[in-house]
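Values below: every heavy atom of this structure, side chains too, minus hydrogens, waters and symmetry copies.
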Amino acid sequence: MAQRTILITGGTRGIGRACALDLAARGDHLILGYARNRRAAEDLQADIERLGAECLTVRADLTTDTGVDELFAAALAWRSPLDAVVNNAGGTLHVGPLVETPVEIVRRVIDLNLTSAILVARRAMQCLAPGGVLVNISSGAATTGSPGEYVHYAAAKAGVDALTKGLALEAAPRGIRVVGVAPGTIDTDIHADAGDPGRPARVAQRHPMGRVGTADEVAATVAFALSPGAGYISGATIRVAGGL
């Protein structure tokens, strides 16, 4: 496969980090967007370059009016055109029933997981050439609803699934594919960020496989969605949720 240039939002931790390393090992060059953790971005860039790939890290707050444009401008100035975008930035930010979730958390979660995803997808459609691929990272929560934990996040990710379906139909005449990937419970720091680091171990036995997933398993699915082998897949969301 020819070398590609791929932009990953939320690209330096958890699923984003796993995707970056997997794609770098396949020979792709990467632009990694991140919000705050410069040290994590620098460490990951070094790991990617050791794999022989080129990497640019860009600090950009995708919940601001200018953040998305700044990220894409930096990416295109570094290497153009983009071959693919992995729309991954997100987080639950809180665990608990909706009635106990502060209004400001609800707004931040919708802004981060849905509004920014839509705006990243909009810019991706402006930048991707025929043959390009947009992968939207959704969540198994979009269909389970995640009652008692993060209904607000589930609702946002259901919106991402609708984004994938509708945008795939708009993009198909231009030769661009749009694919969703919906992880279930994955052992990453998203749980600690929401104040519940022990959640993966606590909920593992709820799952048919008796365990939660790994970021590497999600990354492998993203790599497939980006590959020629998925060339007739668009508008679908692939579930990586252990049977749930």
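Counting only distance, with no hydrogens or angles, the side chain of Asn113 and the backbone of Val109 share a donor-acceptor pair below 3.5 Å. No donor-acceptor pair under 3.5 Å is formed between the side chain of Thr5 and the backbone N or O of Asp83. With Thr64 contributing its side chain and Gly67 its backbone, the two residues share a donor-acceptor pair below 3.5 Å. In this structure, Asn87 contributes its side chain and Ala117 its backbone to a donor-acceptor pair below 3.5 Å. In this structure a side-chain-to-backbone donor-acceptor pair under 3.5 Å is present from Arg4 to Leu226. The main-chain N or O of Leu30 is never found under 3.5 Å from a side-chain atom of Arg79 such that the two would form a donor-acceptor pair. Between the side chain of Gln45 and the backbone N or O of Cys55 there is at least one donor-acceptor pair closer than 3.5 Å.
Ion pairing between a basic and an acidic side chain is recognised when a charged N comes within 4.0 Å of a carboxylate O; Asp111 and Arg107 show no such pairing. A salt bridge does not link Asp161 with Lys157: every distance from a Lys NZ or Arg NE/NH1/NH2 to an Asp or Glu carboxylate oxygen is 4.0 Å or more. Under a 4.0 Å N-O distance rule, the pair Glu217/Arg211 qualifies as a salt bridge.
Proximity of Leu21 to Leu51: side-chain heavy atoms (C-beta onward) are separated by under 4.5 Å at one or more points. Put simply, the side chain of Asp22 does not reach to within 4.5 Å of the side chain of Asp216, judged on heavy atoms. Between Met125 and Leu134, the closest side-chain pair of non-hydrogen atoms falls below 4.5 Å. Counting heavy atoms from C-beta on, the side chains of Pro130 and Ile176 never come closer than 4.5 Å. Counting heavy atoms from C-beta on, the side chains of Arg17 and Asp47 come closer than 4.5 Å. The closest side-chain heavy-atom distance from Ile6 to Ile31 is not below 4.5 Å. Contact check for Pro183 versus Ile137: side-chain heavy atoms found under the 4.5 Å cut-off. Within the 4.5 Å cutoff, no side-chain heavy atoms of Val86 are placed close to those of Thr9.
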Exercise. Run the side-chain contact (heavy atoms from CB on, under 4.5 Å) check on Leu71 and Leu62 step by step: do they pass?
Worked result: CA-CA 8 Å; Leu71 174 60; Leu62 302 184; 3.9 Å; yes
For this session: Kindly indicate, with the supporting measurements, whether the criterion side-chain contact (heavy atoms from CB on, under 4.5 Å) is fulfilled by Leu114 and Val160.
Result: CA-CA 6 Å; Leu114 181 56; Val160 172; 4.3 Å; yes
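The two residues Ala35 and Arg59 make their nearest non-hydrogen contact at O-NE, 3.1 Å. The two residues Tyr150 and His94 make their nearest non-hydrogen contact at CD2-O, 3.7 Å.
We find the NE2-CD distance between His29 and Gln3 to be 3.5 Å, quoted to the nearest 0.5 Å. For the atom pair OH (Tyr232) and CZ (Arg177), the distance works out to 12.5 Å, reported to the nearest 0.5 Å. Between the CD1 atom in Ile15 and the OG1 atom in Thr221 there is a gap of 10.0 Å [rounded to 0.5 Å].
Two different hydrophobic clusters hold Leu163 and Val222 under the rule that ILVMFWY side chains link at heavy-atom gaps under 4.5 Å. Hydrophobic clustering of Ile, Leu, Val, Met, Phe, Trp and Tyr side chains at less than 4.5 Å, counting indirect connections, keeps Ile233 apart from Val181. Under a hydrophobic-cluster definition in which Ile, Leu, Val, Met, Phe, Trp and Tyr are linked whenever side-chain heavy atoms come within less than 4.5 Å, directly or via other members, Leu7 and Leu76 are assigned to the same cluster. Residues Val212 and Ile238 do not share a hydrophobic cluster, defined by chaining ILVMFWY side chains whose heavy atoms lie under 4.5 Å apart. Grouping the Ile, Leu, Val, Met, Phe, Trp and Tyr side chains by contacts below 4.5 angstrom, directly or via other members, places Leu32 apart from Phe72.
Of the residues Val106, Ile110, Leu112, Ile105, the one that meets the side chain to side chain contact (heavy atoms under 4.5 Å, CB included) test with Arg108 is Ile105.
At a cut-off of 3.5 Å, with distance as the only test, a side-chain donor of Thr63 or Asp61 sits close to an acceptor on the other residue. Judged by distance alone, the side chains of Asn136 and Thr164 do bring a donor and an acceptor atom under 3.5 Å apart. A donor-acceptor contact closer than 3.5 angstrom is absent between the side chains of Ser138 and Arg239.
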